[in-house]
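Letters A, B, ... mirror the listed sequences (proteins, then strands); counts begin at 1.
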Amino acid sequence: MNSTAKFHEHNIQNLCRENRLEKAMVILHDLDKRAILVDSDIYSCLLQACTKDKSLRQGKKLHAHMLLTGFQLNADSAGTKLLSMYSNCGGFEDARQLFDKILKPNIIPWNVMIRCCVIHRFCNGALTLFYEMQRTGVSPDRFTIPLVLKACASLGFLRQGKDIHGFVAKCGFESDAFVGSALIDMYAKCGVVEYARQMFDKLYQRDVVSWTSMIRGYVQNGQVNEAVDLFRGMQLVGVKPNLITIVSVLPACAHLADLKKGKEIHEYALKRGFHLDVFVVSSLIDMYAKCGAMNFALRVFDKMSQRNVVSWNSIIAGFAHNGNCDGAFELFHRMQGTGIKPNLVTWNTMIAGYAQNGFPNEAIELLYQMQLAGVEWDAVTLASVLPACVALAALQQGKEIHCQILRKGFYSSVFVGSALLDMYCKCGNIEIARRVFDNMLERDAVSWNVMMVGYGVHGHGEEAIALFEQMQQEGMKPDQISFIAVLCACSHSGLVVQGMQFFNQMIRDFHVVPRMEHYASMVDLLGRAGCLEKAEGFIKNMPTKPGVEVWGVLLNACRVHQNIDLGERVAQYLFELEPENTAYYVLLSNIYAEAGRWDDVAKVRAKVKSRGLNKSPGCSWIEVNNKA
DNA sequence: ATAGGGTTAG
């Protein structure tokens, strides 16, 4: 009899190890029929198998079995395993009911319950339990800390996170690797990457997870160069990146559009056999697409054996971003053909793709389809569709969408706010734009910049400059775009001296290295004001080789001020820089046309024809002819 | 017995 029981118990344990839970349960019932009771170890084993299997049904059966056989529930192995089972397979309520039956729970059941909250994204509950536990006289241990830090991280609760850090330092848990990486993660997710770095530097021993957390922290906070540096750094000190490290660092390459680095990491992933992981491959697709290497992105995508919604979204975004909306739409359909439902991100990607590439009707059509598919609009959806509303401003449909946006009350988000702002600026209603701006609960650099550009292009240079100063008073640092905005405002209002002062201030006080757009803005400023020679001198003094945009602006200024001599010279530079671009030929011929020099107009046309360029889209010779 | 880091849209 005893040996039979032992035999069956062994059998159950083996079956559990092999994940054959159903069979193990059958044997348990066989033992029942012979009135043989099993011990705590067997229950532990079976419960663990339930947890692994995510089988709440079997778990509940076991629970009933334990109760029937008079098994005493306490904070021992089987009791904790039962709680874990409810926590992992069921909901918070299931676990809580059992937890309340445990008489004097020690730290372990508390930890399981806190984890249960975190698993079910009930982070406030996790923190409540954390304080409740301490009130009953149970102190947190090194297992508790990472859990509550994770809760703080996902809630963005920096103050609570710092409090816990203080507690950790007092208890000496700071040297624990798990606690350390949880602290790094918490600070990074709360947006203070400097604290995360301090924590990282303080760590006595850094393992893959600490490095990965720090890398990911940098990426989340936009410091992608630092992320890539750390990725090198960890390898230099002999810590091997794992799968999650790769997934964390690839977005940095994507953001930098660093194809070389991305390919290097791809090769590394292949070498380590990580290329079978969906996360890795999806981030590879995204990286290639953002680097503009769609051929590579597609190759990786086609080779995938299992694609999830993110893999599809990444490849669709690649097409949409390159302006190939038809391609994106085809994939959007193919994806649904394979039984994968578009999620919020898919819809938003498609809508943004259409809206940004001149298909406002399609964007709005998808907005409705999305609603029909039961996927709710979020702030990103509405911010994405706004440019389409701008394009359709005169149409009733566009106005309807606009009303719905206001009704949803999403304008309080920064993204939507800035998009709305942009819309009102572009539709010419600068007063409403300003009202939206003033009512925004939160403003980022983009909001300030959009408002300044709005004032600028409407010729309200003084307002733009006032805003530029107000922005700094409110502690917002102007970025390179802000300077483009303020320079643009100066040039539209003819504020030449002020503009030059801003340009110098930008370099001297704000250490912004001027980019081609800044030079182009300066040339525009001088050119519009009619200081064409000054503009030419400015270009000649540039520390870098002037790009086409700079010469293009000057050529346009030559047209406006009818300076044919300079115009011819400038056009010559442009023809050398971009011999295929017919736009400059059009511009030069317009200069001739406005001066009534029809022979020269004809000469330019002949030149273009002889080079076989006249089929190029996007420019019209008809307009020139009509003027004749 | 319980613990840390993961891809996509603006």
### Query
Roughly, in whole Å, what's the span from CD1 in A/Ile215 to P in B/dG4?
19 Å
### Query
Of the nucleotides B/dG5, B/dG4, B/dT8, which has the atom closest to the A/Ala177 side chain?
B/dG4
### Task
Looking only at side-chain atoms of A/Leu147, point me to the closest of B/dG4, B/dT2, B/dG5.
B/dG4
### Task
Can you figure out which of B/dT8, B/dA1, B/dA3 approaches the side chain of A/Asp176 most closely?
B/dA3
### Query
How close or far is atom P of B/dA9 from atom CD1 of A/Ile315, stated in whole angstroms?
13 Å
### Nearest to side-chain heavy atoms of A/Val209, which nucleotide of B/dG5, B/dA9, B/dG6
B/dG5
### Query
With distance as the sole criterion, do the side chain of A/Thr80 and the base of B/dA1 form a donor-acceptor contact below 3.5 Å?
yes
### Task
Could you name each residue pair satisfying salt bridge (Lys or Arg N to Asp or Glu O under 4.0 Å) that touches residues 273-288 of chain A, not counting sequence neighbours?
A/Asp286-A/Lys290
### Query
Which nucleotide in the set B/dG4, B/dG6, B/dA1 lies at the smallest distance from any side-chain heavy atom of A/Asn106?
B/dA1
### Query
Side-chain N or O of A/Lys290 less than 4.0 angstrom from OP1 or OP2 on B/dA9?
yes
### Query
Which pairs with one or both residues in residues 226-250 of chain A pass salt bridge (Lys or Arg N to Asp or Glu O under 4.0 Å), sequence neighbours excluded?
none
### Query
Ignoring hydrogens and angles, does a donor from either the side chain of A/Ser213 or the base of B/dG5 sit under 3.5 Å from an acceptor on the other?
no
#### Entry: Spacing of A/Ile145 atom CD1 relative to B/dG4 atom C1', expressed in whole Å
12 Å
#### Entry: Selection residues 205-221 of chain A - residue pairs positive for salt bridge (Lys or Arg N to Asp or Glu O under 4.0 Å), sequence neighbours left out
none
#### Entry: Interatomic distance, A/Phe274 CZ vs B/dG5 C1' [rounded to whole Å]
14 Å
### Message
Is there a side-chain contact between A/Lys189 and the phosphate of B/dG6, meaning an N or O under 4.0 Å from OP1 or OP2?
### Response
yes
### Query
Under 6.0 Å between ring centres, would you say that holds for A/Trp110 and A/Phe130?
no
### Task
Could you tell me whether the phosphate oxygens of B/dT7, OP1 or OP2, come under 4.0 Å of any side-chain nitrogen or oxygen in A/Arg216?
yes
### Selection from B/dG5, B/dT2, B/dT8 that lies nearest to any side-chain heavy atom of A/Val310
B/dT8
### Query
With sequence neighbours left out, which residue pairs that include part of residues 208-243 of chain A fulfil the ring-ring contact (aromatic ring centres under 6.0 Å, His included) condition?
A/Phe200-A/Trp211
### Query
Does the distance from a Lys or Arg side-chain N to an Asp or Glu carboxylate O, for A/Arg197 and A/Glu194, drop under 4.0 Å?
no
### Proximal nucleotide (of B/dT7, B/dA3, B/dG5) relative to the A/Ile244 side chain
B/dG5
### Query
If you look only at pairs with a residue in residues 325-345 of chain A, which of them pass as a salt bridge (Lys or Arg N to Asp or Glu O under 4.0 Å), with sequence neighbours excluded?
none
### Query
Of the nucleotides B/dA1, B/dG6, B/dG4, which one has an atom closest to the side chain of A/Ile108?
B/dA1
### Query
Could you give the CZ-to-P distance, from A/Phe173 to B/dG4, as a whole number of Å?
16 Å
### Message
Does A/Asp422 reach a base, just sugar-phosphate, or nothing at all? Heavy atoms under 4.0 Å.
### Response
nothing
### Task
Send over the distance from A/Leu149 CG to B/dG5 P, rounded to a whole Å.
10 Å
### Message
Need one value for A/Val416: base, sugar-phosphate or nothing, where a base atom within 4.0 Å counts as base even if backbone is also close, heavy atoms only.
### Response
nothing
### Task
Round to the nearest Å and state the distance from A/Met186 atom CE to B/dG5 atom P.
13 Å
## Note on the structure
Of the candidates B/dT7, B/dA3, B/dT8, the side chain of A/Asn308 sits closest to B/dT7
### Summary
Which of B/dA3, B/dA9, B/dT7 is nearest the side chain of A/Ser283? It is B/dT7
### Query
A/Gln220 CD to B/dT8 C1': how many Å, rounded?
14 Å
### Message
Check whether A/Asp100 reaches the backbone of A/Gln97 with its side chain - one donor and one acceptor, N or O, closer than 3.5 Å.
### Response
no
### Message
Among residues 323-347 of chain A, which ones have heavy-atom contacts with DNA chain B below 4.0 Å?
### Response
A/Val345
